[in-house]
Amino acid sequence: MKKTIATFILTTLAISLFMACSSDDSTTSSDDSSTSDDTTTQDDDDDDTVTELHAAFAAFNSEATTIYLDGSNVVIETTGLPDHETVYWGEGNTLYIEEPDVAITPSIMSSNNNAVTITVDATPDLTGNTVDTELNTIGIAVSGASIFNDQEGAGDLDEAAASLDWTGAHIGPGVYHYHLEPIAFTDDDDSLAGILLDGVFLYGRQCYSTGTYPTDLDESGGHTSETQYTDGEEEYHYHIINEIYSTTGSYLAFAGPFQGY
Ligand SMILES: [Zn+2]
Ligand SMILES: [Zn+2]
């Protein structure tokens, strides 16, 4: 019995150390090329086991998120608490800022349970089938908070626009979430915005591959090209579509449909 517990502790320790090491890799992205190629199995079928987290996960807020592989899936656990300023933190928090023009919803971050766990395919199924987005969390942003679509409750996002903070987010009845381009971490650039429920990464309005706005996007804002996290390989990913949404003066984070289910 004691031996079993000791083994368990050692295993847990080993996994923790491994995860700590892999998240440290973010600062040495230029040297990752040799390791990432030979540790990720290439697609022969849908159930290939992936042995290394995608390099893009290094961009996620490590204070809020715990990200790990589970067979052919990636599990993303988050506190939902972003690493940037907003009025929604509530007075007294170090990340609280005044936003007098925001019609704040009653909940403040400190009294709200923002935690979410999502499980996504490590290798999205890009078979041409599309699936509509639904209400609630459709993805997790690099900040650790949720991404929602273009709907608010049963209605249009316009009705909730007044409560969106400087970075296109608010608290509905549930978790703090972005509806619009989250300019706290991608402001008219090619930065990673987050990962969606279908396992496809979402980037800002510009693409790393060309250094400007992509012109070959599908209806979801997706296309296949190199990104800053793919080491020269082409990979399907979404962009925040470069079209002003309604009267908000900003851009929708993602309206769907999903392409990776
Ligand atoms: Zn909302
Ligand atoms: Zn792109």
Side-chain angles (χ1 to χ4, degrees), residues 54-56 59 80 82 86-88 99 102-109 112-114 116 124 126 133-143 145-182 186 188-196 200-243 245-248 250-256 259-260:
H54 194 293
T86 167
V87 66
Y88 283 105
E99 296 187 77
V102 174
I104 56 167
T105 46
S107 325
I108 57 169
M109 201 92 65
N112 200 46
N113 181 12
N114 294 276
V116 175
L126 299 164
T133 59
E134 294 185 357
L135 297 176
N136 298 317
T137 298
I138 63 160
I140 302 295
V142 294
S143 68
S146 283
I147 299 170
F148 276 32
N149 67 7
D150 59 342
Q151 300 291 306
E152 182 66 24
D156 197 70
L157 181 56
D158 279 5
E159 291 162 31
S163 64
L164 297 174
D165 65 12
W166 71 283
T167 189
H170 65 172
I171 297 179
V175 302
Y176 178 79
H177 57 269
Y178 309 98
H179 285 285
L180 303 178
E181 178 185 47
T186 176
D188 192 14
D189 57 29
D190 66 2
S191 297
L192 184 67
I195 186 160
L196 302 188
V200 177
F201 289 102
L202 172 68
Y203 289 82
R205 284 187 278 140
Q206 302 198 35
C207 190
Y208 172 84
S209 65
T210 55
T212 185
Y213 308 105
T215 54
D216 58 344
L217 300 180
D218 61 24
E219 59 173 334
S220 306
H223 73 160
T224 302
S225 77
E226 185 184 343
T227 79
Q228 58 270 53
Y229 300 106
T230 58
D231 190 33
E233 300 289 315
E234 296 200 326
E235 178 180 270
Y236 183 81
H237 57 276
Y238 301 123
H239 285 279
I240 293 170
I241 296 176
N242 190 37
E243 283 171 21
Y245 172 70
S246 185
T247 55
T248 60
S250 189
Y251 306 84
L252 280 174
F254 186 77
Q259 302 280 343

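Start at 1 and go down the list; that is how both ligands and their atoms are numbered.
Rounded to 10°, the angle that SG of Cys207 and NE2 of His239 form at the Zn ion (ligand 2) is 110°. Seen from the Zn ion (ligand 1), atom OE1 on Glu152 and atom NE2 on His170 lie at an angle near 100° (rounded to 10 degrees).
To the nearest 0.5 Å, atom CG of residue Asn149 and atom CG of residue Leu135 are 6.0 Å apart. Taking OH of Tyr213 as the reference point, atom CG of Asp188 lies at 3.5 Å (rounded to 0.5 Å).
No hydrogens or angles considered: a donor-acceptor pair under 3.5 Å links the side chains of Ser143 and Tyr178.
Within a 6.0 Å sphere centred on CD of Glu134, other residues, nucleotides and ligands contribute 12 heavy atoms or fewer.
Note on His237: its N/O/S atom closest to the Zn ion (ligand 2) is NE2. Its N, O or S atom nearest to the Zn ion (ligand 1) is what matters here, and for His177 that atom is NE2. Here the N, O or S atom of His223 that is nearest to the Zn ion (ligand 2) is NE2.
Between Tyr238 and Phe254, the ring-plane angle classifies as tilted under the 30° and 60° cut-offs.
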